[in-house]
Amino acid sequence: MKKRLLSLILAISMVLGMMPQISLTAKAADGAETTNHYLEMLKFQFAENGYGLPGEVAGGRILQAWNWSFANIEAKLETIAKQGFGAVLVSPPNEVTETTADAPATDWQKFYAPAGFQINKSTDNALGTKDEFKSMCAEADKYGIKIIVDTVVGYVGAKDGENSEDPMDHVHDRVKNFEPEIVAAKAFHHPWTECTYRENYWDGWSDYEIEQSLTYHAVEGKPDLATETQVVQDAVYDYLKELVEAGADGFSFYDVKHIETDHDTYFASDFWEDTLGMLRAVYSGKELYAHGLVLSYGVGDGREFSEYGEYMEITDIDSFWKIVSAVQNKEAEDALPVLTEDTDLLFNELHSIYAAGGTSALTVQ
């Protein structure tokens, strides 16, 4: 997918009104102040022109409303538009394995343990119900804001299966209620074994072992779905379609590199074509933006980012850390990464890195 402009994601867990005021004014080599691009942007932010927001997600800025309820997002949409965000990334809205109604922010992983591929209708989910999701999307349309959904489709929530190699012993009981066809088909990769991130030739791994570990093994103990099977692909397609019908404008695939492509040598499948590709064909009049979350470790030797790039943008977290390092160490301007229109998505903060202190420990000094 050709990138028109650089997209920017800012991950925050606080309300917009609590954000500190940050000056973006820089100084040139001769000491003179250069253009404050934020203030320049504000000149075009007013309701009559849709707050100057772009018509498509690609090329705009995305706010990651991590752990925000749909109702809270809806209440803040005007402020979000005024601050120049053309899209909002929401936490996974599907049914999950445990109640989150009273869960603290530190329990954010509960939102990433799918019980089923349907928009949540349960009242015990802190994010909200399907009706609240639809209401948020409808209100966002009024401001020209796109709603992007954080999407987990490669695995389901787990229960303690001890050391059993049978993946069915690790499938959470609630999954049986929401995905009976997947459970009946035992559409999980066997044997169950934990992903060890065998990604590098220099660690002695072969192409086969790298592919197998990344696409067939469990991620953090979650039973890995047999994404090459039709029953799984149908369930994921139906979920993505439900999201679009409810008002979603795109997706962030949380576990993208753990799902095979048709370019893989040993474990290839048509998963992406039969889900996201098919959906775009059906809704050809919509942008249906997508990006895949890939951390600094890459997608594994022998596998290329471009294999996923056929369907989505890929997060460029490395460039963000180079920017952080250059600022903290007061490095010369040439230490900054070169970002072009072909650069993948510059992901400023990821919720899991923030929660672990990777970025939350940074200061404004």
Side-chain angles (χ1 to χ4, degrees), residues 1 3 9 112 152-155 163 165 167 188-228 252-269 271-272 291-329 331-332 334-340 342-359 361-362:
M1 175 179 172
K3 290 75 178 174
I9 285 191
Y112 292 81
V152 184
V153 293
Y155 58 78
N163 296 320
E165 291 187 351
F188 298 89
H189 288 138
H190 187 280
W192 183 94
T193 183
E194 188 65 68
C195 176
T196 52
Y197 290 90
R198 300 177 179 180
E199 297 178 287
N200 303 299
Y201 292 137
W202 43 267
D203 280 337
W205 308 121
S206 67
D207 284 337
Y208 182 92
E209 290 171 315
I210 290 171
E211 274 188 35
Q212 183 185 49
S213 181
L214 289 177
T215 66
Y216 265 53
H217 292 176
V219 179
E220 297 181 348
K222 308 294 196 306
D224 199 64
L225 284 164
T227 42
E228 72 277 11
S252 170
F253 291 102
Y254 184 74
D255 49 351
V256 61
K257 73 174 176 181
H258 298 292
I259 301 175
E260 68 286 344
T261 74
D262 56 1
H263 296 283
D264 281 312
T265 303
Y266 305 98
F267 301 96
S269 88
F271 174 85
W272 294 108
H291 72 252
L293 175 64
V294 177
L295 296 177
S296 305
Y297 314 114
V299 295
D301 287 343
R303 308 176 78 230
E304 301 294 334
F305 284 105
S306 60
E307 297 171 9
Y308 293 97
E310 296 177 10
Y311 295 98
M312 64 194 78
E313 291 187 326
I314 300 298
T315 53
D316 180 6
I317 297 179
D318 286 340
S319 289
F320 168 66
W321 285 117
K322 290 176 182 177
I323 294 172
V324 170
S325 175
V327 172
Q328 287 183 318
N329 299 314
E331 297 172 353
D334 57 11
L336 293 170
V338 177
L339 304 174
T340 70
D342 292 328
T343 301
D344 284 312
L345 185 74
L346 178 61
F347 211 116
N348 279 16
E349 258 185 335
L350 174 64
H351 53 268
S352 57
I353 296 176
Y354 175 88
T359 49
L362 298 177

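Both backbone and side-chain heavy atoms feed into the values below; hydrogens, waters and symmetry mates do not.
Counting non-hydrogen atoms of other residues, nucleotides and ligands closer than 6.0 Å to CG of N163 gives a total of 12 or fewer. Counted within 6.0 Å of CD on E165, heavy atoms from surrounding residues, nucleotides or ligands total 12 or fewer; the atom is thus considered open.
Ring centers of F267 and Y208: under 6.0 Å apart, within the cut-off. Taking the six-membered ring for Trp and the full ring otherwise, the centers of H291 and Y308 sit at least 6.0 Å from each other.
Sorted by first and then second residue, the side chain to side chain donor-acceptor pair (under 3.5 Å) pairs with a member in residues 214-224 read H189-D224, Y216-E228; sequence neighbours excluded.
Tested against D255, the residues L225, V153, V219 include a single side chain to side chain contact (heavy atoms under 4.5 Å, CB included) partner, V153.
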*asked:* Run the side chain to side chain contact (heavy atoms under 4.5 Å, CB included) test on W205 and Y197 for me, step by step, so that the C-alpha distance in whole Å, both residues' side-chain angles and the decisive distance to 0.1 Å come before the verdict.
replied: CA-CA 10 Å; W205 308 121; Y197 290 90; over 6 Å; no
Review point. Is there a side chain to side chain contact (heavy atoms under 4.5 Å, CB included) between F305 and D316 once you walk through the steps?
Key: CA-CA 11 Å; F305 284 105; D316 180 6; over 6 Å; no
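Of the inter-residue distances, the one linking Q212 atom CD with D264 atom CG reads 12.0 Å to the nearest 0.5 angstrom. Summarising the geometry, atom CD1 belonging to I210 is positioned 6.5 Å from atom CG belonging to N200; distances are rounded to the nearest 0.5 Å. E307 contributes atom CD, which lies 13.5 Å from atom NZ of K257 (distance to the nearest 0.5 angstrom). Here NE2 of H258 is found 8.5 Å from OH of Y155. Values are rounded to the nearest 0.5 Å.
Looking only at distances, a side-chain donor or acceptor of E211 sits under 3.5 Å from a matching main-chain atom of Y266. Side chain of T315 to backbone of L345: no donor-acceptor contact under 3.5 angstrom is found. Looking at E199, its side chain never comes within 3.5 Å of a backbone N or O of V299 through a donor-acceptor pair.
Side-chain contact between W272 and D262 is absent, with no heavy-atom pair separated by less than 4.5 Å.
Scanning for ring pair (Phe, Tyr, Trp, His ring centres under 6.0 Å) contacts around W192 gives H170, with sequence neighbours left out.
Taking 4.0 Å as the cut-off between side-chain N and carboxylate O, D203 and R198 do not count as a salt-bridged pair.
For C195 against S213, the heavy-atom pair with the smallest separation is SG-O, 3.4 Å. Scanning all heavy atoms of the two residues, the minimum distance from T227 to F271 falls at O-CD1, 3.4 Å. Nearest heavy-atom pair across F188 and P223 is CD2-CB, 3.9 Å.
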